[in-house]
Amino acid sequence: MTLLALTAAQALTPLETIADAVVLIEDLIIRAVGPRSEIAIPPGARTVDLGEKILAPGFVDVHIHGAAGRDVMEATPEALEAVAAFVLRHGTTSFIPTTLSAPPEALLPSLEGLGKTIRAWGKSRSGSHGTIAVPWAVASGPASTTLLAEPLGIHLEGPFLSVDCRGVHPREHLQPPSLALFDQMLAAADGSVRILTLAPELDGAAELQAAAIEKGVRVAIGHSNASYEQAIRAVDAGAAHAVHVFNAMRPFAHRDPGILGAILTDDRILAEVIADGVHVAAPALRLLLRSKTPSRIALVTDGVSATGMPPGMHRLGGLEILVAEVPSSEAPGTGQFVCRNHEGKLAGSVLTQDRAVQNMIRLAGVTLREAVLMASYVPAQMAGVAGRKGTLRPGADADLIVLHPDGTVAGAMVGGVGNFR
Ligand SMILES: [Zn+2]
């Protein structure tokens, strides 16, 4: 048994802020969280004082296609580990590798590779339970171990999407909803599919949604030209999440509010947003905040392989994309890079979740706690891992991050193993 006590100026649970906080960790699990005046640190526990820094749950990214030069559809352990190591440095302790619409002969082998890799990951992690020697590199130079964020399953973004709102998903790779193809996809991924993004207005979408939910897959609406009524029907039937809200969906109009009208007014739907300052303008971010509140918004990256790489040509699934710096007139002060396909359409992002948190504070005026809530607690709900990920509470996995008072990431811990500096 390894008992560890982390103390810090603040902990963001993130439903509340605890001043002068203690987080007690035993092996892989958080055992207690509270103010130092109320939590007794057991004798024999190793104590690490993080001083003025802030403890927060690790971020959860439910929509990410790649990073560090690797695309998740490569579907090898090496590709996924490269993505996992990169995102962890940006505060993301778990993520859902997201596939793009592709022909079945490319998609199915990708799903098979991802499923295998993700299942093996789970095993190696539980296999190390009890033998972890807590290889900390506390306050002393670089981490001694390569820590990896944990892949939680697969997000299928396509191929059952609207032709009108396909974004950069190639038209020829879109498919009408098909139970047969969906079953093949599930079988290839062998139990690892967690989220299916679906355009609810397509013929057969309602049947596909019902089948997905029955099989334990969560349904998100997106890449959709749905009317308000079509979107509400999907939510009535259990769709709980909307993919990159404002992007690749029918625009809002006051006599035809469409899918956006449903997302903005129905509290049952949680909303993903790409807060890079380019995909959604700051006033639209503020509108989203007013209508959904931080407890119903998830900061996703929609990150592609080019994330963390130099500008130039990169790949997204089977597409070539160009990464270039955004002129500051287009996104003031973001210093952000943007990905476009050959037609100039936005093609994912090179955003990281730590940056999304900073952007929401700067562009939309939220507090650090609210931004952390949107990067951890809400996406954990979307992923179906609420209570276990995205929260500092007894019984949750010891996946947490340490932030400097300005919100930048100082270190992370995954499953009780940390690299705080
Ligand atoms: Zn998309």
Side-chain angles (χ1 to χ4, degrees), residues 61-67 71-73 83 95-102 106-107 110-111 114 154-175 177 185 193-202 205 217-226 231 234 239 241-251 258-260 263 269-276 278-280 284 288 297-307 314-321 323 338-353 356 379 382-383:
D61 193 351
V62 295
H63 193 149
I64 174 168
H65 299 282
D71 191 293
V72 300
M73 290 184 79
V83 174
F95 65 109
I96 305 207
T98 304
T99 57
L100 213 65
S101 301
L107 185 54
S110 257
L111 294 175
L114 281 170
I154 301 167
H155 178 168
L156 302 172
E157 191 183 22
F160 312 119
L161 307 178
S162 155
V163 171
D164 302 326
C165 299
R166 66 186 182 281
V168 298
H169 290 250
R171 176 194 287 263
E172 65 273 23
H173 299 155
L174 300 180
Q175 303 271 355
M185 291 159 71
V193 174
R194 249 178 206 279
I195 299 172
L196 168 69
T197 290
L198 188 59
E201 72 277 18
L202 300 179
V217 174
R218 308 172 85 83
V219 172
I221 53 176
H223 282 278
S224 163
N225 194 23
H241 151 190
V243 165
H244 46 52
V245 169
F246 295 114
N247 299 119
M249 45 182 64
R250 180 199 289 226
I259 179 173
L260 256 172
I263 294 164
I269 316 175
L270 303 178
E272 283 183 10
V273 71
I274 307 170
D276 63 354
V278 177
H279 276 78
V280 180
L288 185 68
I297 297 170
L299 301 181
V300 298
T301 62
D302 201 5
V304 305
S305 65
T307 310
H314 292 274
R315 299 207 70 77
L316 167 59
L319 310 175
E320 281 226 303
I321 56 171
V323 178
V338 74
C339 317
R340 297 188 187 276
N341 74 351
H342 63 282
E343 296 170 310
K345 280 188 182 173
L346 286 172
S349 87
V350 288
L351 185 63
T352 51
Q353 282 189 296
M382 285 177 171

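Source: prediction; values computed, not measured. Atoms within each ligand, like the ligands themselves, are counted from 1 in listed order.
Counting only distance, with no hydrogens or angles, the side chain of N341 and the backbone of L319 share no donor-acceptor pair below 3.5 Å. Within the 3.5 Å criterion, the main-chain N or O of I96 finds a donor-acceptor partner in the side chain of T98.
Ring centroid separation for the pair H169 and H223 comes in under the 6.0 Å cut-off.
In summary, an N, O or S atom of H223 is located under 2.8 Å from the Zn ion (ligand 1). Distances from the Zn ion (ligand 1) show that H63 has no N/O/S atom below 2.8 Å.
Looking at E157, its N, O or S atom nearest to the Zn ion (ligand 1) turns out to be OE2.
Test T197, I269, V62 against H241 for side chain to side chain contact (heavy atoms under 4.5 Å, CB included) and you get one pass: V62.
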